[in-house]
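Bear in mind the structure is a predicted one, so any value in this text is a computation, not a measurement. Each chain gets a letter, A, B and so on, in the order its sequence line appears, and its residues count up from 1.
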There are 2 protein chains.
Amino acid sequence: MLTERQLFLMRLLVNDYVVSAEPVGSRSISKRDDVHFSPATIRNELADLEEMGYLEKTHLSSGRVPSEKGYRFYVDHLLSPEMLSDDEMDSIRNEYQKKFSETEELIRITAKVLSEFTNYTAIMLGPELLEMKLKHIQMVKLSQTQGVLIIVTDTGHVENRVVSFPETIRAEDIEKIVNILNDKLKMVPLFNLQSRLNDELASVLRANIRDYKKVMALLNNSFAINDPEQIFYSGKNNILSQPEFQDVEKIISLLNVLEGKEIVRELMNMPTRGLHIRIGRENKLNGFEECSLITTTYSVGSEHLGTVAVIGPKRMAYPRVVTLIDLVSKLLTENLNKQER
Amino acid sequence: MLTERQLFLMRLLVNDYVVSAEPVGSRSISKRDDVHFSPATIRNELADLEEMGYLEKTHLSSGRVPSEKGYRFYVDHLLSPEMLSDDEMDSIRNEYQKKFSETEELIRITAKVLSEFTNYTAIMLGPELLEMKLKHIQMVKLSQTQGVLIIVTDTGHVENRVVSFPETIRAEDIEKIVNILNDKLKMVPLFNLQSRLNDELASVLRANIRDYKKVMALLNNSFAINDPEQIFYSGKNNILSQPEFQDVEKIISLLNVLEGKEIVRELMNMPTRGLHIRIGRENKLNGFEECSLITTTYSVGSEHLGTVAVIGPKRMAYPRVVTLIDLVSKLLTENLNKQER
DNA sequence: AATTAGCACTCAGATAGAACGAGTGCTAAC
DNA sequence: GTTAGCACTCGTTCTATCTGAGTGCTAATT
């Protein structure tokens, strides 16, 4: 168990390191107005904290830096959300005053606000397509052999798939197919479409439609799961200005992580809704050792819809980011629900 | 006018510098098997070429590096396209063997091929939405007050806009509107939709539709020009591994250029179809001084559809890139036309 | 018993000089 | 016109030294 003074020093040290990015020494701590003990005392305390694994040195005679365990402790026990100034609150709320016709635009704005006010990188996962439910299907014929299948979901999202018809198909057939689909698949989650098609609809379609096999192939194709996530980035390059990314190697491998699929998988794999903080290697991502990830979720009604995330260096301004991510996810949820009515 | 030998040396030097990224000296040139004059002679020639502005030194006693004018001369007078090996040709053609149902996928593949075979960054501008023509319009009602307007273009692209209906609208009204639009706006270019709506359709709609004003506002909104370009990147980080980008500052400013709108404007502003090479400062882009841009166009039928581009360092393997960009733009055009039939 | 002053020690980073080598331009000989 | 020779330049690399911010430990102080 840590003493009161150790807690005090721990918080001080992390806060200091977060802004300076330099190892913190006993002397610089002792110089502060709110510190009333000598460098030597502080050295003893820091040595104890180091022994417990909360602090590290970069070399034998350097100042201290929080270890991953130290950040974890800080985040779990010492973190108090930062108050935003009235000005900041106003300008954030202001961004949400506009009329939004599309869910996507709302998400994009949120990403922008988040990256601009944190100066880190924001990632948003859009509504999970697969969890949406089918509201309506339309088929539009482009030529004798080509058409577009339009899938409208309950959340107002619209997907479209280009399809190739069998040569011999007739307009009535298409209409019949669409009617059957709309009749039988309404409010079915998208990830279920394909199995429902093959299980329940096969016989109906076989009975009513010529070219049954080709039509089934076409529909199977259209209902196949592809690229299920919408991803919105903002401020991708912000994080590169951080002093921990002086090295070109590191920049490239971080950019590769950001472009890649693993990060998305990581974001989707949060165990519960609400706020999560993952520090450095807690994320099982190569090239992400120097970064932390703060995520939360947003929703419409009772549905879980998507994820809001901020990526910054391990040495992140946790209090501020926690406050901001919490705020914008609430604003986003609020506005989405308003829109939905 | 340059002598035969100067041309020879110029070509040699650029080719050498392109692979080594190091200033080229007279001795290293003289060591080549196909060079039969002494370092001193070469020095004299290089000094002349420098005086004419084709070469530069990085410092007083360094080897030579091509100047921007030198690259320009090389590209205009000394460039011969590189032959690809049979293996390479095969594996490129192979990528296009798959069935593509969507224009976008074809473009994406092209970007991928281009970036992987050049090891630079590929950017594709998709079909210019505004130049497409309207093929078909559909309206899908989501709720009493919300719907989706679906715009299908002649090139197989599908756009959708979420719209808010006036509260009092009836299903027949919507049907009537859609019928009128399909009747009057077929094959009208998208950029003309709005003006045609206001000029020709206003009176028809006023005569037939209740809530005329609100419907006009809704349609005006949907037909407004927004975010007209689709942009596909591939190999965004390839270029960062080039030795000219050791510096974090430069990386960040280059990434900002790549993310920004200016580069797209630059790409769209090519004076003619076909191949263009822009070297360093010839692109009027801050942070792009060390880069060159090679672009060409692709098309369906006689329509200009989009732009293919490769971004690399000024010290780019021009012969190879020219060959590749030419090849893939032809393959892309070919496959788009096949699809169109 | 806790705190602090004092001191020897460590180490990254900055600074300076020497040696090296790849390059140049110029001149004179071929 | 070409080339050998030579003095010179300058970036790079290596080594040595110095500096300063930091440490741990011990002994004195409170």
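- Pairing each heavy atom of Cys291(B) with each of Leu254(B), the nearest pair is SG-CD1, 3.9 Å.
- The number of heavy-atom neighbours closer than 6.0 Å to CD of Gln246(A), taken from other residues, nucleotides and ligands shown, is above 12.
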Considering only nitrogen or oxygen atoms on both sides, find all protein atoms under 3.5 Å from nucleotides 28-30 of chain C and state each distance.
none

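- Checking the phosphate oxygens (OP1, OP2) of dG1(D), no side-chain nitrogen or oxygen of Arg5(B) falls inside 4.0 Å.
- Here the straight-line distance linking atom OG of Ser115(A) with atom CD1 of Ile239(A) works out to 12.0 Å at 0.5 Å rounding.
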Exercise answer: donor-acceptor pairs, residues 77-85 of chain A side-chain atoms, under 3.5 Å, sequence neighbours excluded:
unit_1	atom_1	unit_2	atom_2	d
His77(A)	ND1	Phe73(A)	O	3.4
Glu82(A)	OE2	Arg320(A)	NH1	3.2
Ser85(A)	OG	Glu88(A)	N	3.1

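- Taking the six-membered ring for Trp and thresholds of 30 and 60 degrees, Phe37(B) and Phe8(B) have ring planes more than 60 degrees apart, a perpendicular arrangement.
- When the shell of 6.0 Å around CG of Asp86(B) is examined, it contains 12 or fewer heavy atoms from other residues, nucleotides or ligands.
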Val248(B) vs Phe245(A), side chain to side chain contact (heavy atoms under 4.5 Å, CB included): CA-CA, chis, key distance, verdict = CA-CA 8 Å; Val248(B) 182; Phe245(A) 295 95; over 6 Å; no
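- Applying the 4.0 Å criterion to OP1 and OP2 of dT23(D), one finds that Arg64(A) has a side-chain N or O inside that range.
- Qualifying salt bridge (charged side-chain N to carboxylate O under 4.0 Å, His left out) partners for Lys69(A), counting only residues two or more places apart in sequence or in other chains: none.
- A 6.0 Å sphere centred on CZ of Arg273(B) holds more than 12 heavy atoms belonging to other residues, nucleotides or ligands.
- Shown for residues 18-37 of chain B: residues whose heavy atoms fall under 4.0 angstrom of DNA chain C, namely Gly25(B), Ser26(B).
- The side chain of Thr41(B) contributes no N or O atom lying less than 4.0 Å from OP1 or OP2 of dT2(D).
- Using a distance-only test at 3.5 Å, with no hydrogens or angles considered, no donor-acceptor pair links the side chain of Tyr318(B) to the main chain of Ile277(B).
- With hydrogens and angles left out, the side-chain atoms of Ser26(A) and Arg43(A) include a donor and acceptor closer than 3.5 Å.
- Contact check, Lys57(B) against dG25(C): a side-chain N or O comes under 4.0 Å of OP1 or OP2.
- Atom CZ of Arg5(B) sits in a crowded spot, with more than 12 heavy atoms from other residues, nucleotides or ligands closer than 6.0 Å.
- Within residues 42-51 of chain A, the residues approached by DNA chain C to less than 4.0 Å at the level of any non-hydrogen atom are Arg43(A), Asn44(A), in residue-number order.
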Footprint string (nucleotides 7-18 of chain D, 5' to 3'): B base within contact, S backbone only, - free, heavy atoms under 4.0 Å = --BSS-------
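- Nucleotide dG23(C) holds its C1' atom 17 Å from the CD atom of Glu56(B), rounded to whole Å.
- Within 6.0 Å of CG on Asp34(A) lie more than 12 heavy atoms contributed by other residues, nucleotides or ligands.
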